[in-house]
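Read through the structure below, which is laid out as structure tokens, and then see the notes.
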Amino acid sequence: MNIQTLYKLLLVAIVPLFASCVDTLDKVGFTIQPENDRVSVGTDTLKLSSRTIQVDSVFSKTKYPILGEYIDPVFGTIRSEYVGEFYYPENQTFKDGAIIESVRLTVSYSSIIGDSLAPMRLAVYKVNKELPKNQNYTNFDPTTRADMSAPLGTQLFTGRNNTYRIETYYSANTPQSVRVYEIHTELPKSIGQSFLDEYKKPNRGAFKNTDTFRKFFPGLYITTNYGNSTILDVNLTSLNIFYKYLDPKGSSEKTDTIRTAEFRLNITPEVTQINHIQNNNDKLLAPNDKGTFVKSPAGVNTEITFPISKIYSELTTRSLNQARFMVYAIPEASQDEKVKLSPPDYLLLVNKDSLQNFFKNRKLYDNVTSFYAPFNRDTYSYNFGNIAAMINYYKRQKKEAFDLIYCLVPVDISFAAGSSQGAPVPTAIYNQMKPSAVMLENKPEKLKLDIIYSSF
């Protein structure tokens with residue numbers, strides 16, 4: 001038998017064997033898995049609806065209030081003022097023989113919104129009744145607790161005034177410098193004298209502790225009564241009482257010396273501080289087929305309706321694996337970038353029924369019934385990712401067809417460092433008090449859920 005004939009015989013033998021192997025491989029897996037257990041995957045798109053809703057007030061317990069007024073041609077007016085107690089530390093004392101020289105209020109800030117050169121006027125009023133506890137809502141009216149007959153002091157200023165100091169902080173072990181501006185408002189010397197007289201009483205009088213001091217001096221109401229072009233992001237509010245005293249034999253030559261000192265109190269997180277916010281949102285609440293709005297602080301939210309009832313029959317027979325949710329923002333190109341309101345850094349997606357107590361009870365997002373998304377400037381959007389857990393949660397709770405009404409709320413988020421390889425971890429969520437605003441897409445092709453089901 002020649003070689004060519006041998007090759008033909010081998011080929012005839014191998015082809016049926018190869019075909020048999022292929023036939024066997026085609027059924028690998030299916031011969032193990034029963035016919036009725038095969039996975040079926042399907043996709044769907046759920047169209048959502050939205051509207052802009054007014055925010056009456058928000059829980060505003062914050063150490064960084066905002067002050068001033070700003071009129072935005074697109075998003076309307078924001079006006080803010082605040083009232084606060086001053087924390088009295090027990091180590092704060094007057095030197096013996098103190099003589100009051102002057103009193104002033106110092107408002108410090110490092111960032112502003114609006115026109116930095118427009119003139120504004122700060123006004124300070126004395127609070128004559130103790131501030132309410134645990135009622136830190138932005139609709140609180142400070143004038144109900146203050147003596148409004150006349151201001152204790154006023155001061156003209158501009159956002160970028162000439163009074164400032166340079167502070168240095170470290171970011172990633174790199175020194176960073178920031179310019180901290182200050183507004184100094186002279187107050188009556190009688191305030192300092194009343195402090196000193198009370199301090200000299202037996203057992204230091206009302207200066208015995210923080211509670212007795214609060215009753216003696218309930219605080220100050222800080223507002224503006226001129227100008228509407230600037231809002232300040234206040235870092236610190238201080239009451240400064242300057243005095244002189246005799247230091248017996250205090251000089252290097254052992255002679256009596258007159259020295260100066262300062263009795264300083266600050267508004268701190270340990271005491272009550274309430275930001276009062278007023279908004280004009282008429283333009284945002286008017287019927288609009290272009291989009292909806294979010295605006296902070298205490299402005300407007302966007303309400304989203306998830307019509308789960310339309311897919312409820314699918315949920316009873318199939319598993320919901322993914323429900324991708326993204327919100328697109330609409331740039332406002334006609335405004336000056338230097339003064340316009342910017343989109344919020346973060347949006348919280350939270351059930352409308354849970355919104356009232358979410359911040360008061362200091363809740364965190366759980367990625368089940370609440371989610372947050374950062375603003376992406378490249379895509380100009382907020383990507384909440386897969387929110388299928390939300391729909392599945394309420395399906396287990398309700399046991400019948402339902403719709404969900406959620407709100408998009410501007411928030412601030414505090415983060416703690418994660419592991420060496422991990423991202424920072426959110427530790428607290430607050431209503432955003434920094435002015436911000438943006439229009440959100442509400443067209444059906446943009447406002448939707450992209451859904452993936454599976455069934456067996």
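FYI, side chains are in, hydrogens and waters are out, and symmetry mates aren't considered; it's all heavy atoms of this structure. On a predicted model such as this, the values are computed, not experimentally measured, just so you know. Quick note: residue numbers are just sequence positions, from 1.
Looking at Glu198 and Ser194, their side chains never bring a donor and an acceptor atom within 3.5 Å of each other. Looking at Thr369 and Asn351, their side chains never bring a donor and an acceptor atom within 3.5 Å of each other. A donor-acceptor contact closer than 3.5 angstrom is absent between the side chains of Ser342 and Arg377. Of the N and O atoms on the side chains of Asp403 and Ser309, at least one donor lies less than 3.5 Å from an acceptor on the other residue. Judged by distance alone, the side chains of Ser414 and Thr427 never bring a donor and an acceptor atom under 3.5 Å apart. Checking Gln322 against Asn386 by side-chain atom types alone, no donor-acceptor pair falls below 3.5 Å. Judged purely by distance below 3.5 Å, without hydrogens or angles, the side chains of Thr223 and Glu81 pair a donor atom with an acceptor atom. Checked by atom type, the side-chain pair Arg121/Thr154 shows no donor-acceptor distance below 3.5 Å. Side chain to side chain, Asn266 and Ser238 meet the donor-acceptor criterion of an N or O pair below 3.5 Å. Side-chain contact annotation: Asn442 with Thr292, donor-acceptor N/O pair under 3.5 Å absent. Side-chain contact of Asn209 with Tyr88: a donor-acceptor pair under 3.5 Å is absent, judged by distance alone. In this structure, a donor-acceptor pair under 3.5 Å is absent between the side chains of His184 and Glu186. Residues Tyr82 and Gln273 have side chains that never bring a donor and an acceptor to within less than 3.5 angstrom of each other. Side-chain contact annotation: Ser80 with Asn275, donor-acceptor N/O pair under 3.5 Å present.
Under the 3.5 Å distance criterion, the side-chain polar atoms of Asn288 are matched with a main-chain donor or acceptor of Lys290. Without hydrogens or angle criteria, Lys283 side chain to Pro73 main chain gives a donor-acceptor distance under 3.5 Å. Counting only distance, with no hydrogens or angles, the side chain of Tyr430 and the backbone of Arg362 share no donor-acceptor pair below 3.5 Å. The main-chain N or O of Val368 is found under 3.5 Å from a side-chain atom of Asp366 such that the two form a donor-acceptor pair. For Lys295 (side chain) and Phe75 (main-chain N/O), a donor-acceptor pair under 3.5 Å exists by modelled atom type. Formation of a donor-acceptor pair under 3.5 Å by the Asn161 side chain with backbone atoms of Phe157 is not found in this model. In this structure, the side chain of Lys395 engages the main chain of Leu315 through a donor-acceptor pair within 3.5 Å.
If you take OG on Ser229 and CD1 on Ile112, they are separated by 10.0 Å, rounding to the nearest 0.5 Å. In this structure, Thr212 OG1 and Asn203 CG are separated by 10.5 Å, a value rounded to the nearest 0.5 Å.
With contacts defined as side-chain heavy-atom distances shorter than 4.5 Å, the pair Leu408/Tyr382 does not qualify. Looking at Tyr226 and Met120, their side chains never come closer than 4.5 Å, going by heavy atoms from C-beta outward. Side chains of Ile53 and Val300 form no contact here, defined as non-hydrogen atoms less than 4.5 Å apart. Between Asp72 and Thr77 there is no side-chain heavy-atom pair separated by less than 4.5 Å. Contact check for Ile405 versus Ile304: no side-chain heavy atoms found under the 4.5 Å cut-off.
Applying side-chain contact (heavy atoms from CB on, under 4.5 Å) to Tyr70 and the options Asp115, Leu341, Thr230 leaves one that passes, Leu341. Checking His276, Met433, Gln278 one by one against Thr138, the side-chain contact (heavy atoms from CB on, under 4.5 Å) holds for a single residue, Met433. Across Phe86, Phe207, Tyr243, a single residue satisfies ring-ring contact (aromatic ring centres under 6.0 Å, His included) together with Phe195, and that is Phe207.
Under the 6.0 Å cut-off for aromatic ring centres, Phe384 and Phe371 do not qualify, their centroids lying 6.0 Å or more apart. For Phe59 and Phe358, the ring centers are positioned 6.0 Å apart or more.
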query = Under the side chain to side chain contact (heavy atoms under 4.5 Å, CB included) criterion, do Tyr125 and Asp147 qualify, and how do the steps go?
reply = CA-CA 6 Å; Tyr125 295 86; Asp147 179 2; over 6 Å; no
CA sep, side-chain torsions, deciding dist, call: Asp412, Tyr346, side chain to side chain contact (heavy atoms under 4.5 Å, CB included) = CA-CA 7 Å; Asp412 283 326; Tyr346 300 94; 5.8 Å; no
request  = With side chain to side chain contact (heavy atoms under 4.5 Å, CB included) as the test, would you mind laying out the steps for Ile451 and Leu320 before giving the verdict?
outcome  = CA-CA 7 Å; Ile451 294 172; Leu320 178 63; 3.3 Å; yes
message = For Ile311 and Tyr453: C-alpha separation, side-chain torsions, deciding distance, then whether side chain to side chain contact (heavy atoms under 4.5 Å, CB included) applies.
response = CA-CA 11 Å; Ile311 60 171; Tyr453 298 106; 3.3 Å; yes
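Ion pairing between a basic and an acidic side chain is recognised when a charged N comes within 4.0 Å of a carboxylate O; Arg79 and Glu69 show such pairing. Ion pairing between Lys215 and Glu85 fails under the 4.0 Å rule for side-chain N and carboxylate O.
Geometrically, Arg204 does not engage Tyr199 in a cation-pi contact, judged by NZ or CZ lying under 6.0 Å from the ring centre and within 45° of the ring axis.
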